[in-house]
Trainee: 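Before anything else, here's the structure in question.
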Amino acid sequence: MLAVLDIDSEERAWTTLQMLLDNEIDIENSTLNFSNADWLKFSLYLKGERFEQSLTSSVMKGLVEYQFANYRSIALILKNRAHTGVLSDEQKDRFELIFKISAGSTGADADGKGIAEGLNSDALTEAVKKMTKGQIFLLILVFLVMSYGGGMYAEHLRGITDVEKIRAEDAKHARQTEADDKKEERHQETINKLIESDKHKSKLLERVIERDEKAREIIVLQEEAADQILKNTNGAEYVVLQGRKITREKLDELNKQTRRRAQPVFFDAQFLIKSNSPLETGGFNLSLENVDTGETFVASLIDPLVIEKSQPIQKAEWNNKPVRLHIRAKDKGDGPYEAEIVRVFRQKRS
């Protein structure tokens with residue numbers, strides 16, 4: 001009988017993720033269960049004159065980008081390629097977030113529980129053909145804590161507050177008083193504990209990145225998704241995203257310093273082929289090591305014209321020798337991603 005791993009809270013998700021990293025789960029005799037995962041919710045709240053019972057077009061743009069990033073992460077899990085085009089129309093419908101804006105509200109909410117259940121079901125029939133069950137568990141959990149939990153904030157967002165409390169205070173037009181300040185002081189110990197929890201989550205994510213390249217890509221995608229929302233909140237005094245209060249000052253700091261746009265990068269170098277996995281849609285994902293720098297990353301080989309001339313890659317992999325490749329990718333300062341091989345050079349005869 002399969003052991004049921006009931007992911008009924010965010011903390012249970014983080015605990016299960018750590019157990020996976022520590023090899024404490026009998027993967028083949030276990031299954032993930034999200035039927036009680038009511039914590040899987042997206043929540044956005046904005047405070048400011050421009051957001052009195054309305055959302056601006058720029059905020060809506062951020063939500064669309066968030067959905068797009070979710071599609072790409074789901075595509076990576078199911079199809080081994082972070083591209084929305086590999087998902088069927090039926091899958092896009094099932095994995096689409098329905099943002100609800102309540103009457104009198106200045107934010108948006110969406111339920112992710114059904115998405116988690118559908119992703120878990122699809123992954124065990126589709127992704128299992130291309131990766132291990134343990135990797136499937138890892139990628140699903142990483143996606144969920146980054147999309148609906150504290151993963152995307154573990155390193156750089158520290159202001160923690162309660163969304164419903166803020167909404168209640170705003171509804172009553174309450175101003176912060178000395179009593180509020182004292183109450184905040186009493187909560188400081190709890191806040192400090194939550195900050196320590198964030199540090200623990202950050203360390204877990206570092207371990208995930210070291211363990212799995214696809215998980216690393218999901219983390220980058222979902223961080224970018226949060227960035228798209230935050231950078232489109234001009235005019236807000238503060239934002240509460242997934243239960244975290246982010247002041248205007250912090251928003252400006254994040255947009256200016258810590259969240260850089262991805263820059264195009266190009267490589268023309270010798271690479272060792274560390275591993276090779278076929279894509280369901282055609283082509284391959286290659287794990288590469290730059291001979292000169294030792295840097296490792298994954299690059300896709302998907303252009304039919306390039307594939308026709310990819311014999312040097314096969315020879316290099318068989319003989320464990322380097323091959324010269326021309327690669328284009330994106331980089332935000334922490335390594336290449338969305339890399340694609342655009343030219344394969346013939347090996348020089350010795």
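Just so you know, residue 1 is the first one in the sequence shown, and it goes up from there.
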Trainee: Only counting residues at least two apart or in another chain, list the ones meeting salt bridge (charged side-chain N to carboxylate O under 4.0 Å, His left out) with Glu90.
Mentor: Arg94
Trainee: Can you see which heavy atom on Gly62 is nearest to which on Ile229, and at what distance?
Mentor: O-CG1, 3.6 Å
Trainee: Sorted by first residue and then second, give each salt bridge (Lys or Arg N to Asp or Glu O under 4.0 Å) pair with at least one member in residues 297-306; sequence neighbours left out.
Mentor: none
Trainee: Using the ring of each side chain (for Trp, its six-membered ring), is Phe143 parallel, tilted or perpendicular to Tyr148, with breaks at 30° and 60°?
Mentor: perpendicular
Trainee: By salt bridge (charged side-chain N to carboxylate O under 4.0 Å, His left out), which residues pair with Asp26, not counting sequence neighbours?
Mentor: none
Trainee: Do Lys113 and Asn36 pair up side chain to side chain, a donor and an acceptor below 3.5 Å, judged on atom types alone?
Mentor: no
Trainee: If the condition is salt bridge (charged side-chain N to carboxylate O under 4.0 Å, His left out), which residues does Lys133 pass it with, not counting sequence neighbours?
Mentor: none
Trainee: Do Glu10 and Trp14 meet the criterion of a side-chain donor-acceptor pair at a distance under 3.5 Å?
Mentor: yes
Trainee: Is the distance between the ring centroids of Phe42 and Tyr66 under 6.0 Å?
Mentor: yes
Trainee: Within the supplied structure, the quantity of interest is the number of heavy atoms (other residues, nucleotides, ligands) at a distance under 6.0 Å from Glu24 CD; does it exceed 12?
Mentor: yes
Trainee: Looking at Tyr238 and Tyr45, what are the two nearest heavy atoms and their distance?
Mentor: CE1-CE2, 4.0 Å
Trainee: Does NZ in Lys92 sit with more than 12 non-hydrogen atoms of other residues, nucleotides or ligands closer than 6.0 Å?
Mentor: yes
Trainee: After noting the C-alpha distance and the side-chain angles of Gln91 and Glu126, does the key distance pass the side-chain hydrogen bond (donor to acceptor under 3.5 Å, both in side chains) rule?
Mentor: CA-CA 12 Å; Gln91 286 176 319; Glu126 291 191 46; 2.9 Å; yes
Trainee: Run the salt-bridge test on Asp22 and Arg207 with the 4.0 Å N-O cut-off and return the result as yes or no.
Mentor: yes
Trainee: Quick one: side chains of residues 289-300, donor-acceptor pairs under 3.5 Å with protein atoms, not counting sequence neighbours, listed by atom name and distance.
Mentor:
from	atom 1	to	atom 2	distance (Å)
Glu289	OE1	Lys274	NZ	3.4
Asn290	OD1	Asp292	N	2.9
Asn290	OD1	Thr293	N	3.4
Thr293	OG1	Glu295	N	3.2
Ser300	OG	Asn285	OD1	2.8

Trainee: Do Gln222 and Glu217 pair up side chain to side chain, a donor and an acceptor below 3.5 Å, judged on atom types alone?
Mentor: no
Trainee: Over all heavy atoms of both residues, which pair between Ile327 and Ala339 is shortest? Give the atoms and the distance, please.
Mentor: CG2-CB, 3.9 Å
Trainee: State whether the side chain of Asn120 and the backbone N or O of Ala116 hold a donor-acceptor pair below 3.5 Å, judged by distance alone.
Mentor: no
Trainee: Thinking salt bridges, do Arg248 and Glu237 make one under a 4.0 Å N-O criterion?
Mentor: no
Trainee: Does any N or O in the side chain of Ser310 come within less than 3.5 Å of the main-chain N or O of Ile313, such that one atom is a donor and the other an acceptor?
Mentor: no
Trainee: Can you list everything that forms a salt bridge (charged side-chain N to carboxylate O under 4.0 Å, His left out) with Glu210? Sequence neighbours excluded, please.
Mentor: none
